[in-house]
Chemist: 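My structure is below; once you've seen it, I'll send some questions.
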Amino acid sequence: MEFVTYEVEGQVGIITINRPKALNALNSTVLEELDKTFDDVDINEIRALILTGAGEKSFVAGADIGEMSTLTKAEGEAFGKKGNDVFRKIETFPIPVIAAINGFALGGGCEISMSCDIRICSDNAVFGQPEVGLGITPGFGGTQRLARIVGVGMAKQMIYSGRNIKADEAYRIGLVNAVYTLEELMPAAKKLAAGIAKNAPIAVRNCKKAINDGLQTDMDEAIVIEEKLFGDCFESYDQKEGMAAFLEKRKVEAFLNK
Ligand code: DAK
């Protein structure tokens with residue numbers, strides 16, 4: 001691949017958007033390669049993913065403005081769909097995805113981080129939805145996901161003003177869960193991923209689905225969604241092993257994803 005790399009460390013996969021000359025901006029090729037990379041992840045082996053950007057300056061500085069500048073309405077729609085399909089794939093991916101945000105996360109960069117389950121960032125990170133200054137609306141889910149994560153009032157302020165915010169403010173409003181120095185960011189992401197990877201994979205997967213699906217509906221339906229996914233864990237090897245280990249006062253030998 002030209003712009004995306006994928007490495008495996010134990011049960012953790014690390015996906016890096018690697019186009020540092022353009023601050024990892026998302027062009028069509030990056031989006032296609034990301035799509036293929038997620039398709040190729042072995043979800044029987046990998047239990048958590050980290051998404052990050054190459055270099056020390058930028059996670060993703062947005063969709064590629066050069067490529068977008070000449071799009072027709074139809075091409076703009078097709079580009080938007082390409083991005084939205086990848087972002088939705090990340091959001092609904094069966095295993096958790098941690099965004100390790102190492103610098104600029106603007107426009108599509110902020111949006112791709114919001115399609116991940118968990119966001120942590122370096123202290124040089126900058127977040128923003130500057131699209132209105134370019135004559136467009138956020139087009140990769142920003143108007144929807146930002147409001148769900150930080151609340152309607154703050155999302156409207158950020159989107160209408162197009163003002164960037166720094167890491168400390170992103171932390172204060174709940175856009176990221178933690179801030180680290182650049183050097184500490186990847187070790188922290190790997191530690192977090194390893195902490196997820198050691199738990200029962202079917203249970204973690206069902207938690208993600210329960211939270212995501214439940215948020216799309218009212219509480220009565222959401223509770224039914226949770227009940228079904230809770231029930232789905234039973235009779236699995238991992239459920240039996242997890243409970244047996246507790247009752248026998250020993251450590252879990254291994255969760256086997258079955
Ligand atoms: N696209 C293309 N190239 C970019 C880029 C981007 N978003 N951001 C940076 N680059 C390139 C620069 O052009 C420059 O390339 P060269 O001139 O060296 O060839 C190189 O990266 C380094 O950038 P700078 O020289 O500008 O670096 P600085 O440190 O001075 O500034 C910056 C860094 C991040 C503040 C600045 O580069 C910047 O403001 N970048 C643009 C940030 C931005 O506005 N991002 C939002 C893009 S809009 C849609 C779906 C989605 C979207 C739209 C439509 N549809 C449904 C159709 C999404 C839109 C967006 O994301």
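One-based numbering, in listed order, for ligands and for the atoms of each. Every heavy atom of this structure was used, including side-chain atoms; hydrogens, water molecules and symmetry mates were not.
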Chemist: Between the side chain of E9 and the main-chain N/O of I14, is any donor-acceptor distance below 3.5 Å?
Modeler: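 No; judged by distance alone, with no hydrogens or angles, the pair does not exist.
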Chemist: Is the Y171-F127 ring centre distance short of 6.0 angstrom?
Modeler: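 Centroid separation for Y171 and F127: 6.0 Å or greater.
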Chemist: What pairs of residues pass the side-chain hydrogen bond (donor to acceptor under 3.5 Å, both in side chains) test when at least one of them lies in residues 131-140, not counting sequence neighbours?
Modeler: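 Checked against side-chain hydrogen bond (donor to acceptor under 3.5 Å, both in side chains) - neighbours excluded - the pairs reaching residues 131-140 are Q129-E131.
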Chemist: Can you tell me if E75 has over 12 outside heavy atoms packed within less than 6.0 Å of its CD?
Modeler: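 Yes, the 6.0 Å shell around CD holds more than 12 heavy atoms from other groups.
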Chemist: Please answer: with hydrophobic residues joined when any side-chain heavy atoms are less than 4.5 Å apart, are M114 and V30 in the same cluster?
Modeler: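 They do share one cluster, since a chain of ILVMFWY contacts under 4.5 Å joins M114 to V30.
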Chemist: CD1/I95 to NZ/K208 distance, rounded to the nearest 0.5 angstrom?
Modeler: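 I95 CD1 to K208 NZ: 8.0 Å, rounded to 0.5 Å.
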Chemist: Could you name the protein residues that come within less than 4.0 Å of ligand 1, counting only heavy atoms, and order them by chain and residue number?
Modeler: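 Only K21, A22, L23, A25, K57, A61, G62, A63, D64, I65, M68, G76, G80, F104, L106, G107, G108, P130, E131, L134, I136, G139, F140 have heavy atoms that fall under 4.0 Å of ligand 1, ordered by chain and number.
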